[in-house]
Structures are given as structure tokens and as C-alpha cells.
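Remarks on the structure that follows.
Excluded from the calculations below are hydrogen atoms, water molecules and symmetry mates; all remaining heavy atoms, backbone and side chain alike, are included.
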Amino acid sequence: MVDFPLKLDIYKRDENGRTKLVDQVSLTKPATYTIGRLSDKHITLDAPQVSRSHALLIADTTGLEVVDQNSTFGTFVDDQRISERAFWKTGRLRIDPFEIEVVDQDLADVAKDKQLDDDGTLDVPGRTEGKPPKSPPAHEAFPYTVFKTPIVDVGAIRAAGYLVGESEYLALGGGLGSFVWVDHLRIFGVPAKSIRVVGNYDWNVDDPADHPRPYANYRRLCQNSQIPGFERLRSNSISTPDNIWGFPGYASRETWRDLKRLRLGGLRYIFQVFGEPALAQSFTPRSDDVFNSIDREAARIGWKGMCLNARILAMRKTSDGRYAVAIRLDQKLAQGGSRDRVVVGKFVHLATGYPAYRTEDDVFRFNGRYLSENRAFKAYDPHNLVYEALEQRRGPVTVAVRGRGIVASRILQRLYLARAHNNQIQIVHQMRTAIGSSKGARFGLAQRGVFNNTEIQVFNWPKSCWGGELRALLERSPPEVRSKIHGKLGGTTTADRGDWTRIIQQGRREGWYRVAIGKLEVRDLTEPGPAGKVVMEYSGPDSSLPREIKVDYVIDCIGLIGDVTNSEFLKDLVETYRLPRNRDYNQEGNVLRGLAVTNDFELSNMRQNGGRVYAAGQIVIHGPHAAVDSFLGLQYAALRSVDHLHRVGAPGVSGFGALKSFGQWIRWCFGRAP
């Protein structure tokens, strides 16, 4: 029996064969945990021998199972290399030069057949620096040994050797939300030396040509959900994270690039912007164009020099009116010393993104039972092998797609492209509820259009959130009214793209695409191997569909999880300072959404002696701005918060009138630093 949280000690072996405890992680619940060199993995092991996506650790209450992900140097359980997967019942999990050991568990279950010492710890041959202590209770482990009270003393932190830096401005998260806020600070006059950005990057600090990329996680999600660099983003992307003025936008730049190559067809992008959506399809940029532009702006503002590669653990107010943030440094930055450090700042910005993404229970159970089958996938996880297999296969093959919205529309398009290689691909598209053509969400006199049971992202979204009456209405409304407005605006949507609609119409007409309204749950596999089929149980109103549907692959497009309590950092912050959250009055019971912020995106409960804390992105959903998790929403939140910093007299944040704005825009055009 495995009890959760499951605590693991991570050791690293040096050139002399000595092992040293370098990290401790806690797996909070039964799940599939990723292990690899990339910083987005649940367990990051930073060494050249470790593959980017090295292994999976399947953890549930019945035991542990390890799956090797075709790693270069292999995965070892109790010193035996595994070919594909193996149960981890004894000894250590070894991924050279690291070894992972279970601690603070009933070792009779987790590591039976090993010799135990009198104190109940494992006697592992080769350990040269003593046995690791059992993981202490949470209140006795860093950072809670330092953060014992809601208000802490910086002098004591400094004296204990934890302090690694002090800055006026701290951006926590390191992603697009942090980047946009820092970009505003720099343009408003704050020097780079006054800003520190904390984020967990896949960034080789020893390579001068490498740099931390604020869009890394967003790009990974795009690529996994089948939006590679040459493809256009699916949602309305009128905002430009690399340019606070918005001009020239991506359409203008793409047009100019084509005209320089004597491609007159590039003029259609300008027509799209002025004619969308009544006369033309909404314009969206190619993803690589966005990322390359952000790279240029990052170099212009000195982004690399401001970034600290670390994981954020906790934050506390300080007795001198600032904020202390406990972090765990990247191993290379620690240089053999302690990775547990603290940074201190006066003005803090939180933009930590979505806390998690959802894996449905049936998919989790299926993958745990059939580890090597590779049949059921989350759309946000790597699953290119599905399309490769479909294109190579000859004969009938069926794919179940679950969910609707932007991701599902792109997955359907990718499956359509696979049909060019195998026209016997069948698609079953499951959606929980039907939406009639006249049943789109209504708000005032406006109503969303509906196509294929999916609401269309209309022209006024998210543009109206920037400066229209919708923004003003949300800002002045009390929480109950604001919640009802959010409810009326509707939920999952996708852009009205011609390629998607043509694919659906063709699929229906030719019979290879079918919608299943209701539930379509994964139950079992008929048999292991290529001949096996995934058995799914259908329950819904369509009597023409069989109760049991057999498919070859399942791609689940259910979205990301927005509950801030899924982030240990945010959960601790909310509980420590009793931060208010936005209530969803459209749901029964006390359903809470994002952190409650002012119209300037400030967490007012965190205010103290001139210090300020702001938040942006999905973690403030259901608040004073509707499109918080869009490019536009991130830029709007940054503008409001930096304007507010100027009003409260924050150092370096100057006024930003028309003349200065024009001057800074000219500097941007010529690539000059702010």
C-alpha cells in the first residue's frame, strides 16, 4: 500500500562514486508523473545523460510502476535495466547519475525483500554519506523552517544564509504574463537591474547563445495540440505581447514581409484585420512569428539578465514592508551549495499560469493498466505517434475525440490531414451536451453563433474586453452581478475558421465523421498489441449509436484546470493570508474561481507599508476583466498594474504621456533598449 503524499529523495552520484542528497519531492496524489531533463517535468533531473522525456512514474495506492520513454541511457529499477516498464517494489530507481528512493512509507510494502536497519531505513550498499533522514513534517522542512509566521524578518533570513538577492521588482512565474509585465516596467523607465524574474526554464545557463524563453510552456502546449510553428494560432490574437502599442501588429508585419518578397497576396492579411469576421476570416498569426518576435523584444529589454532559474515554493510578508519568496534554485546555479534560497522584493507580480491540466479518470485508469499500449492521450501531452501510426496504417481505423473548442478543432484538422494518407480513418467526436444553432450564449442584444455544437468566438471577443462597454461594466459591477456577466458570456468557444467548418461538413457528408452527444468513457482493451481495440461505453440520447464503441485511439481535448488550489504555492498563499477569491454565483454552493483583485489587478490583502502584490492571467479569472488568459488580457493587466505603480510612487516608474510613448515606440522600431 502506498500512502500519499509520496515522498522521494533524489541523490546524485559524483565522478568518485559518492552519492549526495540533492533534492526532495512530494507526489501529492495518485497520478502519472513525468521524469526528464526538461523543466516542465514533474521530476526534473538536470544532467546530459537524462533524456528530455526520460520516464514515467505511475503512482497509485496499490504500488509504483516505471515506464521508460525510449531513453538513450536507460532506466534502472534495483540495478536492473527495464526494457519498457517494471514495477518498482525494491531498491532505488536509477537514472544516471541520479538515484531516487522512497522515504517515509511502510517499507514492507514499498521495498520488501530489502534488509532494514533497526530504525526502519533501507540499508543500501554504496551509500557514502550516511542514510538520508526521513522526510520531516511539512512545518519542519524548508521553507517553513524560515517562514514560521505570516510576517518574517529579512535579517534573520540573511543571517541564516538563505538570502540570494534583493530587488525592487519581482516577477514570479517567468512566463508570458511575467514577460509582458516586465516589458511594461522597462518601457515605463525601470532599469533592468531593479527587476528579478523567477521561473523554471529549460535554459542552459552555460551556453551564451541560449536564453530563457517566456513562451516555452505555451509553445509546448501548442505543439502537443498540433499547432507547430508554421501553423496559425486558433484563437483571436489581435494583441501583440512583444509590442505594447499593438502597431505594427502581426498582420502588418506579415504583409510587409511578403511584399518585400514581391508576394502581393500578403495584402490579404490587412484585409482580414479590417474585414473580420463579416467580410473575411479572423486573422491569427503563425505561432513561430509570435515566438520569434518575443525573442527580439526579450533581447531588447535585457530579459536574460533578469531571469533566475528556480522553482517558486512560498511567499511571506516581511517586517520591513517587503515580500520574501522561497525558491529552489536550478542545480547549476546552486554550484554545489544549497538550492533552498530566498529572494526579497518590494513590488511583486504573480503570473503562474494554469495550475494543472485535467486527465479524466477513465483515461488515467486505462493508461495505468495498459502502460505500453499508447492508445489514450491527453491532447496537451505529446501524441504525434498517433498521427504517424494512422498515416502508415492501411485499412479501417477509428479515433475518438472528446471535447470541443479550440484544441478539438485543431485535432480534427490534423486527423483530416492524416486521411490524405489513409482515407479509411473514421472519427467519433464526443461532446457532453448539444448546443442548438440558436442556443449560443446571449449577452444583451448579442448572441454567439453555433456550428457543430460549438459556440463561435465572435468579433467582439476579446476585443471588447480592452476598451469597450463590457470592460467598464465588469469593473463597476458588484461580485454577484459580475459573476452573472461571466456566466452569460459563455464558456468553450473556437474561432470561425473556414478550414475547420469545411472539414466537418465534408466528414458528415462522406460519413467518416460522427458526433456522439453524451458520455463516451474508456472501459477496457480487447487484447494487447496492434490488433486490440479500446472499448468505450456510450451513454447518451443518440439511439443510433451502439452502447459499446470500439476505437483504435482516444484523444481527450478536455481543457486546463484553473483552480488555484492545484498550485501548492498559491494554495499556501491563500491560506496564510486568507486571500479572497472570486465566487461563481452561477453555480450552487460556494464555488470559488480565481484570486480576487482590484481593477488595477492588485491583491489588496497583501498590501503593506508601500509594498504591493499584483496578479494576472488565469489565476484571476472571474474578476474585473473577462479575457484574463488571452494575450490581450495579459497586456491589459500589465498596463493597469504598472499605471498603478506610477500613481503610488514606485521607484523608476515614470509617467507615460503621448510624447514619451511615441519616443519609446521609435526605440522599439529600431530595436534600441528602452
query: Between the main-chain N or O of F347 and the side-chain N or O of R612, is there a donor-acceptor pair closer than 3.5 Å?
result: no
query = When you measure from the side chain of K304 to the backbone N and O of D210, does any donor-acceptor pair fall under 3.5 Å?
reply = yes
Audit row: L308, L329, side-chain contact (heavy atoms from CB on, under 4.5 Å) steps and yes/no: CA-CA 8 Å; L308 183 64; L329 285 175; 3.9 Å; yes
Closest non-hydrogen contact found for G174 with Y201 is O-OH, 2.7 Å
Nearest heavy-atom approach of I619 to V564 is O-CG1, 3.8 Å
CD1 (I58) and OG1 (T32) are apart, to the nearest 0.5 Å, by 3.5 Å
Distance col, row L27:CG vs I43:CD1, nearest 0.5 angstrom, shows 5.0 Å
| Just checking, any donor-acceptor pair under 3.5 angstrom between side chains of S338 and D340? | no
Inset, instruction - Go through the steps to decide whether L64 and L6 satisfy the test side-chain contact (heavy atoms from CB on, under 4.5 Å), and finish with yes or no. - result: CA-CA 10 Å; L64 306 175; L6 176 67; 3.7 Å; yes
*asked:* Suppose we call two aromatic rings close when their centres sit under 6.0 Å apart. Are Y169 and Y614 close by that rule?
replied: no
| said: Under 6.0 Å from the ring centre and within 45 degrees of the ring axis: does the NZ or CZ of K378 meet both conditions for the six-membered ring of Y380? | reply: no
Original post:
Going by an N to O cut-off under 4.0 Å, is there a salt bridge joining R92 and D78?
Top reply: no
